[in-house]
*Asks:* 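Pasting in a structure now, in structure tokens, and then I'll have a few things to ask.
What you see is a predicted model, and the numbers here were worked out from it, not measured in a lab.
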Amino acid sequence: MKFRVIARSLVALAALVMAMMVAVPAQAASASATFVKVGDWGSGFEGKYTIKNDSTTALTGWKVEFDLPAGINVGSFWDATLARSGQHFTFTNVGWNGGVPAGGSVSFGFLGTPGGAAAVPAGCKLNGADCGGGSGETAPGRPGAVSATGGANSVALSWGASSGTVTGYRVYEGTVVKATVTGTGATVSGLGVCEAHTYTVAAYNSAGEGPKSDPASATTTGCPVSQLPKHFLTGYWHNFDNPAVELKLSAVPNEYDLVAVAFGESTATPGEVVFSVDPGLSSSLGGYTDAQFKADVQTLHSRGKKVILSVGGELGRVQVASAAAATKFADTVYALMQSYGFDGVDIDLENGLNSTYMGQALRALRAKAGAGLIITMAPQTIDMQSTGAEYFKLALNIKDILTVVHTQFYNSGSMLGCDQMAAYSQGTVNFMTALACIQLENGLRPDQVALGLPAGPGAAGGGVVAPSLVNQALTCLATRTGCGSFVPPRAYPEIRGAMTWSINWDASNNWNFSRTVKPHLATLP
């Protein structure tokens, strides 16, 4: 009897369990909210959320909330209401689209600023639960290496395809989109003559924009044909007596490619420049005459060297501050070129200049002398800290005819570099590279930038640097290797070279500067 009762109870229990299994439905799929980036144009993007009801019962309302990164805002939106708290955004259905039937879906959208790969919502919740659904798609990968080739008023670009789904590619110059294409190549047109441009490329799809490529640079055609080596050494020759070794011009060693004769002097007439062999120097050299100097210019020419007249210097008072002075400057410098055989002019005005009228003067001189005219500039470091400074303005205004700027990276103290993050001390690799970077990243071509340093003890009051450090700085700028703590944002293989004050001080220091730096220039790309 007892056995029969227990068996009967087990049968009843099994029946009850079966009934419960039949009565409880299988677990249903929940609703999800899926985000896609409909479009991204750099300065902004369009986002879209789709709420899909995969359950077996209708939704009677929905609320989607998420966070956006700091600095990214939502402007206009549609098919929802918006409440914001800091970077937390909550979208709620409007009256007509709150009901979502089983298996149905609704969507809403919004515009955000700025765009880019970071402009993607995070921490999404749908009615308090995780949104699920994912983003529908992931952003593409980084494009392959970019190749840039300069043409007539244009730069042609090509690159390797990005991984993932790609809708198209955006070509950037800085933060500005210059072209949008679907293939792996583009041509940026409408550029100027002999201009340097640097571009990056990024792929995009509905999920957003992928990481940008490494930068690639090119220069448009039409640059003046240089009479100087790709990388060259400039030195100043003293037309005066001081504690350095006095030299005849013909005694300048072969390491120097360009010799700047210091200095052309001013007169009482604004803009007028005069030159002759200094009487004190003539006496020290046993009677060095103008005729001998002119013959020595031709001797250097026969060796393949160039000789220019430097105007100004620390004590120079040449002033070009009017149209009449600009004309006088061009006329008198051109007359000296014809008389002495100078190949050009160096602007070394340490007591200020007027970029407008000096620009007029140099263009007038170019019109007289022709395309072979060499124009160099030797500003102090403070003169090249900002594109608003007169020296920097002059360099950019005559960029199409300018040969090189060899800034004096000495007698400066500490200065900010192009990163604007720290004051770098003169006499260091960081100082040379970070300050040269200001010019390289603000409009001058790499072939128009050189490093100006003292030739050794006695040549300057501060910033004297071992020539081996000059070589290290040049390698860092040309290849982004061997740098100090400052690493430039890109390599500049066309960096022009170096200048030293001066050839005479180099002689006083056993030619250590020229014999160290000149051979190194041949190792640069």
*Asks:* Checking Lys393 against Thr356: is there a side-chain donor and acceptor pair closer than 3.5 Å?
*Replies:* no
*Asks:* According to ring pair (Phe, Tyr, Trp, His ring centres under 6.0 Å), who are the partners of Tyr169, at least two apart in sequence or on a separate chain?
*Replies:*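 For Tyr169 the ring pair (Phe, Tyr, Trp, His ring centres under 6.0 Å) partners, ignoring immediate neighbours, are Trp159.
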*Asks:* Tell me the disulfide bond (SG atoms under 2.5 Å apart) pairs involving residues 345-430, sequence neighbours left out?
*Replies:*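 Qualifying pairs: Cys418-Cys437.
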*Asks:* Please collect all disulfide bond (SG atoms under 2.5 Å apart) contacts where either partner lies in residues 339-398, sequence neighbours excluded, each pair once.
*Replies:* none
*Asks:* Under 3.5 Å, which donor-acceptor pairs link side chains of residues 182-194 to any protein atom two or more places apart or in another chain?
*Replies:*
none

*Asks:* Could you give all pairs that pass the disulfide bond (SG atoms under 2.5 Å apart) test and reach residues 477-525, with sequence neighbours left out?
*Replies:* Cys476-Cys483
*Asks:* Partners of Ala434 by side-chain contact (heavy atoms from CB on, under 4.5 Å), sequence neighbours excluded?
*Replies:*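 Once residues adjacent in sequence are excluded, the partners of Ala434 under the side-chain contact (heavy atoms from CB on, under 4.5 Å) criterion are Tyr424, Phe486.
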*Asks:* If you look only at pairs with a residue in residues 241-251, which of them pass as a side-chain hydrogen bond (donor to acceptor under 3.5 Å, both in side chains), with sequence neighbours excluded?
*Replies:*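 side-chain hydrogen bond (donor to acceptor under 3.5 Å, both in side chains) check on residues 241-251 returns His238-Asn242, Asp241-Ser284, Ser250-Asp296.
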*Asks:* Counting only pairs under 3.5 Å, give me each side-chain donor-acceptor contact of residues 457-474, with atom names and distances, residues two or more places apart or in other chains.
*Replies:*
| residue | atom | partner | partner atom | Å |
| --- | --- | --- | --- | --- |
| Asn471 | ND2 | Thr516 | O | 3.2 |
| Gln472 | NE2 | Gly482 | O | 2.8 |

*Asks:* The criterion is ring pair (Phe, Tyr, Trp, His ring centres under 6.0 Å); which residues satisfy it with Tyr172, sequence neighbours excluded?
*Replies:*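 For Tyr172 there are no ring pair (Phe, Tyr, Trp, His ring centres under 6.0 Å) partners, ignoring immediate neighbours.
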*Asks:* Any disulfide bond (SG atoms under 2.5 Å apart) pairs touching residues 490-525, not counting sequence neighbours?
*Replies:* none
*Asks:* Can you name the residues that form a salt bridge (Lys or Arg N to Asp or Glu O under 4.0 Å) with Asp331, not counting sequence neighbours?
*Replies:*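 Asp331 satisfies salt bridge (Lys or Arg N to Asp or Glu O under 4.0 Å) with Lys368 only.
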*Asks:* So, using ring pair (Phe, Tyr, Trp, His ring centres under 6.0 Å) as the criterion, who are the partners of Tyr340 when residues are at least two apart?
*Replies:*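 Only Phe275, Phe293, Phe342 meet the ring pair (Phe, Tyr, Trp, His ring centres under 6.0 Å) criterion with Tyr340.
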